[in-house]
There are 2 protein chains.
Amino acid sequence: MDNASNALAALADPTRRTIFERLAAKPSAVGELARGLPVSRPAVSQHLKVLKEAGLVADTPEGTSRVYRIDPRGIAAIRQWLDQFWTDALDSFAAFAEAESKEDDTP
Amino acid sequence: MDNASNALAALADPTRRTIFERLAAKPSAVGELARGLPVSRPAVSQHLKVLKEAGLVADTPEGTSRVYRIDPRGIAAIRQWLDQFWTDALDSFAAFAEAESKEDDTP
DNA sequence: ACTCATGGTTAGCTGAGACTTACGGTAAGT
DNA sequence: ACTTACCGTAAGTCTCAGCTAACCATGAGT
């Protein structure tokens, strides 16, 4: 799926992965996240924007604050994309193993 | 896992995703891949190096050629990393839905 | 109305990485 | 031995993404 592309690209950045993992452990506000990270608050905002557009997180206004949490849709998209190749990967390996065993004609 | 980090970063590039998908459909040599892509052959070589270090592909010398195929380990690493957050994601959404329903005190 | 706290947005800088070109290295065929 | 085909690597260029600093907007409390 094309949505999986955005999700994969979003999780490629280490800082975004850290943010994602922390939100998985506990939904938090922007400043709360930035305080525990080595980057500034605007950087966290930009990362959250990317994660949101990738369908990996969702946000809810909470007064003057804004709470972010994990969105299962992004994870589902990546899983679906991966499973598309899972059987192919096993087939490739099975074919390789079989070709290897047939090469054993050197006694 | 840390191996999942490399795999995610490797699949972030669109060209590498295309190479990965084509190898899933059919194991191929480097030149064969490059002929169907809008980039040069050395570029494909570099991409394959990244994919190999990420555990996503494996290669086998075939005479003067070199056949690349999919390695299931990379896919497994990403799947394992994702499943680590799957239940957390569902919990986050369940908690959000419950909080939403309790806010229905505005008749 | 004023103040304070929280966040999203923009401009600009900088470093990482994707690409090409050129080169060297190896195996098969003649 | 020579040629051809296939591939990996090094050096260099250039674009893009992540970061900071500064600014503006909004809601809560007084």
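Since we're looking at a predicted model, the values are computed, not measured. Reckoned from all heavy atoms, side chains included, excluding hydrogens, waters and symmetry mates. Throughout, protein chains are lettered first and strands after them, A, B, ... in sequence-line order, and every chain is numbered starting at 1.
- Residues A:Ile78 and B:Arg79 have side chains not in contact (no heavy-atom distance under 4.5 Å, counting atoms from C-beta outward).
- For the OP1/OP2 pair of C:dA27 and a distance below 4.0 Å, the side-chain nitrogens and oxygens of B:Ser65 include no atom meeting the criterion.
- Contact check for B:Arg16 versus B:Leu11: no side-chain heavy atoms found under the 4.5 Å cut-off.
- Rounding to whole angstrom units, CD of residue B:Glu62 and P of D:dC7 are separated by 11 Å.
- Spacing between atom CG of B:Leu11 and atom C1' of C:dG17 amounts to 16 Å, rounded to whole angstrom units.
- When the C1' atom of C:dA16 is taken as reference, atom CZ of B:Arg16 falls 12 Å away, rounded to whole Å.
- Nucleotide D:dC7 holds its P atom 13 Å from the CG atom of B:Leu37, rounded to whole Å.
- Shown here are the side chain to side chain donor-acceptor pair (under 3.5 Å) partners of A:Asp88, two or more places apart in sequence or in another chain: there are none.
- For the pair B:Arg17 and A:Trp81, the cation does not sit on the ring face, since its NZ or CZ is not both under 6.0 Å from the ring centre and inside 45° of the axis.
- Residue A:Glu32 contributes atom CD, which lies 17 Å from atom P of C:dA5 at whole-angstrom precision.
- In this structure, A:His47 NE2 and A:Thr18 OG1 are separated by 9.5 Å, a value rounded to the nearest 0.5 Å.
- Taking the C1' atoms of five terminal pairs at each end of the helix from C:dA1-D:dT30 to C:dT30-D:dA1, the two resulting helix axes are inclined by 30°, rounded to 10°.
- Distances shown here put a side-chain N or O of A:Tyr68 below 4.0 Å from the OP1 or OP2 atom of C:dG8.
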Checklist entry - When every nucleotide of nucleotides 19-30 of chain D is labelled 5' to 3' by its protein contacts under 4.0 Å (heavy atoms), B for base, S for sugar-phosphate only, - for none, what sequence of letters results? => result BBBB----SS--
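- Under 4.0 Å is where a charged nitrogen must lie from a carboxylate oxygen, and between A:Glu32 and A:Lys26 at least one such pair does.
- Salt bridge annotation for B:Asp59-B:Arg69: absent, with no cationic side-chain nitrogen under 4.0 angstrom from a carboxylate oxygen.
- Distance check: B:Leu51 CG to B:Asn6 CG gives 11.5 Å after rounding to the nearest 0.5 Å.
- Toward the 5' end of DNA chain D, the nearer of the two residues B:Arg66 and A:Val50, judged by each one's closest nucleotide, is B:Arg66.
- D:dA17 atom C1' lies 15 Å from atom CG of A:Asn6, rounded to whole Å.
- Between B:Leu33 atom CG and C:dC19 atom C1' the separation is 17 Å, expressed in whole Å.
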Next on the checklist: Does A:Lys52 form a salt bridge (charged side-chain N to carboxylate O under 4.0 Å, His left out) with A:Asp71? I'd like the steps, not just the answer.
Outcome noted: CA-CA 8 Å; A:Lys52 183 179 177 181; A:Asp71 188 340; over 6 Å; no
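- Between A:Glu53 atom CD and D:dG18 atom P there is a gap of 12 Å when expressed in whole angstrom units.
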